[in-house]
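Okay, so here's the structure we're looking at.
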Amino acid sequence: MDTKDTSYNPQKYESEILKFWESKPYFKPEYKKGRKKTFTITLPPPNANANLHVGHMTGYTYQDIMGRYHRMIGDRVLLIPGKDHASIQTEVVFEKFLEKQGIKKRELGREEFYKRCLEFTINNANNAREQEKSIGLSADFSREKFTLDTDLTQTVYDTFKEMYEDNLIYRGKRIINYCPRCHTALADIDTEYKEEISSLYYIKYGELVIATTRPETVMADVAIAVNPKDKRYKHLIGKTIEIESIGGRKLLPVVASTKVDVKFGTGVLKVTPGHSKDDFEIAMENNLPIISIIDNNGRMTYEKYKGMKVKEAREATVKDLQALGLITKIEEIVHNTQICERCNSIIEPLISYQWFIKTQDLARKAIEALEQEKFSIHPKRQEKNYIRWLENLEDWCISRQLWWGQPIPVYYCEGKVTEINKNGDITEKVLGCGEITVSTVKITKCPKCGRKVVQDTDILDTWFSSSQWPYSCMGGIQSKDFKEFYPTNVMETGRDILFFWVARMVMMGIYKTGKVPFHDVYLHGLALDREGKKQSKSKGNGIDPQEIISKYGTDALRLSLISGNAPDQDFKLFDEKVRGFRNFINKVYNSSRYIILQIENLDEKDKKYIRENLKFTKESLIKSKMNKHIEDISKKMKLFEFGKAAFNIEQFYHHYYCDIYIEKTKGISNLEIKAELVFTLYQNLKLMHPFIPFITELIYRKLNGLNVLETQEEVLMYCEYPIIT
RNA sequence: GGGUUCGUAGCUCAGAUGGUUAGAGCGCAACAUUGACAUUGUUGAGGUCACAGGUUCGAGUCCUGUCGGACCCACCA
């Protein structure tokens, strides 16, 4: 720090301070010997497919605030960073990246695609790491993990095998959400709904009329369903009706189901279990057959429409139905179409063989854990959402027909084949002796008959790996770190991934370790733009954190992301706001500079006096206010009220410490008051350090260099947190 | 359909457990400042606390309803 500079220039100091922090293992829990209590956060690993955005920086700032605070109160702090391969997300991003160069994924082939995608992610991971460091994140980068690291995959495979042996993982033929563009099955949570105007066709079914938006699936109907309370059709329940349609005459049973909405269309539903989720369930309840007429490419398999895309087939069938005189009305309706969360393609519900996790028991335990207060969620109101989601959870489909990720550790004796015959029946046969082997290490021969085996071509849902992050990132449950640092203290993450991630980590953590992986969950809100809109790449309203850092400095950005914000509450981020905080940082610099100028030229004797008299004066103008402030901030730190703490810190420092206290001391010029100025500045620096580490570190080092502090610590984050005196 | 959340000065937001003239920052106006800081200080203008009822001696704060914005979950044949 150069006291000749009349204003603070973050550019001048930040990178040097970062280097200084990295010059010694300050961020490692081993740095301080003799500390007992651990404080651990396994940091949410960002997807290694793009630069970090403001959302990541928000999380890192909260995590770093906690980390620095806990070092100051004497804990052994470990923040474990990582990078996520993010299976489907990265695969889609990388596919687009390739397409820009005119390369198609399928032409490249699986192996080459994987190889290039790995390079791509490693590259992105390196960038992301530098960005994490730039925000001042005090994580132990020597422990950084990538979710495709060998030992991490090993943990994931061990869990898979264990769950398979416990009958919690099974291979099942079920209806799943299929994305015809990504060519993969998706879990419910991987899909979204989009409002769309579509045609509702009224079609004669014998004596009845049904309404459907999907006339192309009439050939796959196996029944007619009505609501049991609907008087209009009650008499038909249990009977069979004869219809004439595409494909000729057909007999369809009429079944009752409460899923049928009396008010929709005619109140009569065609049951197509091969291509509709609800219908599939109706079919299960009523023991109906299942017919499939659309394949994995979203193309028809039914005789005369074979090879057509769904949309074309819709037009063709409507024409044919009209020719038969069966369409009585066409209506425009607004309805929500299920789309792929990643590529926005329309989801096709299809029957196929996939791997599932039985979630009922896991979910129940995850609910109990919260009810028994084994952990808590901040803010508390999110606990209700967590419970409701788990209560309604269906089995979790964990297989994906993708290339980028962890292959499923399952081997089929001499391979397997899936067939759809002309009746639309899907069958799957394992060849050879029929043995299916789950193995955590690669095998080539069937353990039962010695024939060669073929590994499942699917990969695991990325969240199956992510949900195990709290222990997998430590090197698994046998590792030294696991024994020392698990369960962790806090899981700090965006409010939007409570279900995707947090709930699943609780389930998997309890299953694998018998413990909830963390004590507290802190959910931060999303950064919105000035108009209150969510930032997104497609809208182009994203704010680049690196730009803010170079314009206003990291401390100003950190305060902008935290100050005044409540958990789970979205907040607006815009230029003037950051500028205001930049001004505050400058205020911190200049007020400190003022105090330093008072003492800089003192002789050794006077400096010694200050060093030995770091306390309030007898008639202190600030003692009670300062003590009250320390108490207030300490309390808020413990209660996870970081936004309020940051706000109060700024208010107090600026409008009391500077505007009132320092001004009042200007008339006094004895050594006693100089000692108090240094003392109270030091206290304030410590309170502020978790939030604005750079400027506080800079001033701390200057004071320390002047030999007016009694500390031996090289860095502020190991100085003892202020207490009331 | 179920749920959550927000609506306080032009803008961004504070306003535990209901209690005197409703606060801060930015912006605006005026003034000041050669002695830490114009990335500053002081002062000022600016608010029917969305609306309507209710509980209370007393409501921005609690209850009910209405309007408006955001979000989540479920359904959408």
Side-chain angles (χ1 to χ4, degrees), chain A residues 3 5-10 188-189 193 195-196 198 200-203 210-215 217-218 221 224-226 257 259-261 263-273 275-279 282 333-338 349 379 381-386 388-389 391-393 495-496 498-499 525-526 528 530-534 552-553 556 560 563-566 568-598 635-636 639 641 643-644 647-648 650-652 654-655 658-660 662-663 666 677:
Chain A
T3 47
D5 292 340
T6 58
S7 63
Y8 175 60
N9 176 12
D188 288 346
I189 199 168
Y193 287 89
E195 228 173 48
E196 226 176 34
S198 43
L200 182 66
Y201 302 89
Y202 286 76
I203 306 170
I210 61 97
T212 183
T213 54
R214 304 215 49 191
T217 63
V218 295
D221 292 346
I224 296 288
V226 295
S257 170
K259 287 186 199 299
V260 180
D261 181 352
K263 288 189 209 105
F264 188 92
T266 57
V268 185
L269 169 72
K270 74 186 195 67
V271 180
T272 321
H275 301 292
S276 155
K277 230 175 144 190
D278 265 358
D279 295 12
I282 294 173
I333 59 157
V334 178
H335 91 280
N336 288 328
T337 313
Q338 196 180 15
R381 73 178 107 85
Q382 279 286 10
E383 294 185 349
K384 270 186 263 172
N385 282 341
Y386 166 93
R388 195 176 323 121
W389 188 76
E391 278 172 350
N392 296 312
L393 192 57
R495 67 125 220 270
D496 51 329
L498 176 63
F499 306 139
L526 276 38
L528 308 174
R530 187 195 304 270
E531 272 74 47
K533 293 258 157 34
K534 215 165 158 171
Y552 295 123
S560 313
S563 180
N565 296 333
D568 189 47
Q569 204 96 9
D570 294 347
F571 60 95
K572 294 178 186 175
L573 182 68
F574 47 90
D575 205 74
E576 299 97 290
K577 195 169 176 176
V578 191
R579 205 195 308 150
F581 288 116
R582 187 271 316 261
N583 294 355
F584 170 67
I585 300 300
N586 190 57
K587 189 78 187 173
V588 174
Y589 172 84
N590 261 307
S591 50
S592 305
R593 177 170 162 257
Y594 169 74
I595 293 169
I596 287 162
L597 288 173
Q598 309 291 304
K635 194 176 147 198
K636 289 190 163 51
L639 293 173
E641 293 179 344
K644 285 183 182 170
F647 183 78
N648 288 1
E650 190 214 341
Q651 288 293 310
F652 177 83
H654 197 160
H655 301 297
C658 293
D659 291 354
I660 296 175
I662 291 184
E663 288 305 320
K666 280 184 177 170
L677 280 166

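Owing to the predicted nature of the structure, the values given are computational and were not obtained by experimental measurement. Here is how names work: the chains are called A, B, and so on, in the same order as the sequence lines, proteins then strands, and each is numbered from 1.
The side-chain hydrogen bond (donor to acceptor under 3.5 Å, both in side chains) check on A:Q569 picks up nothing, with sequence neighbours excluded. Taking A:R214 as the reference, A:T212, A:E216, A:T217, A:I294, A:V310, A:R314, A:E348, A:P349 meet the side-chain contact (heavy atoms from CB on, under 4.5 Å) condition, with sequence neighbours excluded. With sequence neighbours excluded, the residues that form a side-chain hydrogen bond (donor to acceptor under 3.5 Å, both in side chains) with A:K277 are A:D188. With sequence neighbours excluded, the residues satisfying side-chain contact (heavy atoms from CB on, under 4.5 Å) with A:F264 are A:L200, A:D261, A:I333. Evaluation of the side-chain contact (heavy atoms from CB on, under 4.5 Å) rule for A:K635 yields A:L639 as partners, not counting sequence neighbours. Under the side-chain contact (heavy atoms from CB on, under 4.5 Å) criterion, A:F499 pairs with A:I189, A:N385, A:W389, sequence neighbours left out. A:F584 meets the ring-ring contact (aromatic ring centres under 6.0 Å, His included) test with no other residue; sequence neighbours excluded. Remark: A:Y386 engages A:F375 in a ring-ring contact (aromatic ring centres under 6.0 Å, His included) (not counting sequence neighbours).
For RNA chain B, runs of at least 3 consecutive pairs of the Watson-Crick or G-U wobble type, with both hydrogen-bonding distances under 3.5 angstrom, map to B:1-7 with B:67-73, B:10-13 with B:23-26, B:28-32 with B:40-44, B:50-54 with B:62-66.
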Please write out the pairs of protein N or O atoms and N or O atoms of nucleotides 4-14 of chain B separated by less than 3.5 Å, giving the distance to one decimal.
from: B:U12; atom 1: OP1; to: A:K572; atom 2: NZ; distance (Å): 3.0

N/O contacts under 3.5 Å, protein versus nucleotides 74-76 of chain B?
from: B:C75; atom 1: O3'; to: A:D278; atom 2: OD2; distance (Å): 3.3
from: B:C76; atom 1: OP1; to: A:D278; atom 2: OD2; distance (Å): 2.1
from: B:C76; atom 1: N3; to: A:N336; atom 2: ND2; distance (Å): 3.0
from: B:C76; atom 1: N4; to: A:N336; atom 2: ND2; distance (Å): 3.4

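Residues from residues 589-598 of chain A placing a heavy atom under 4.0 Å of any atom in RNA chain B, listed by number, are A:N590, A:S591, A:R593, A:Y594.
If you check every strand for non-hydrogen atoms under 4.0 Å, A:R579 touches nothing.
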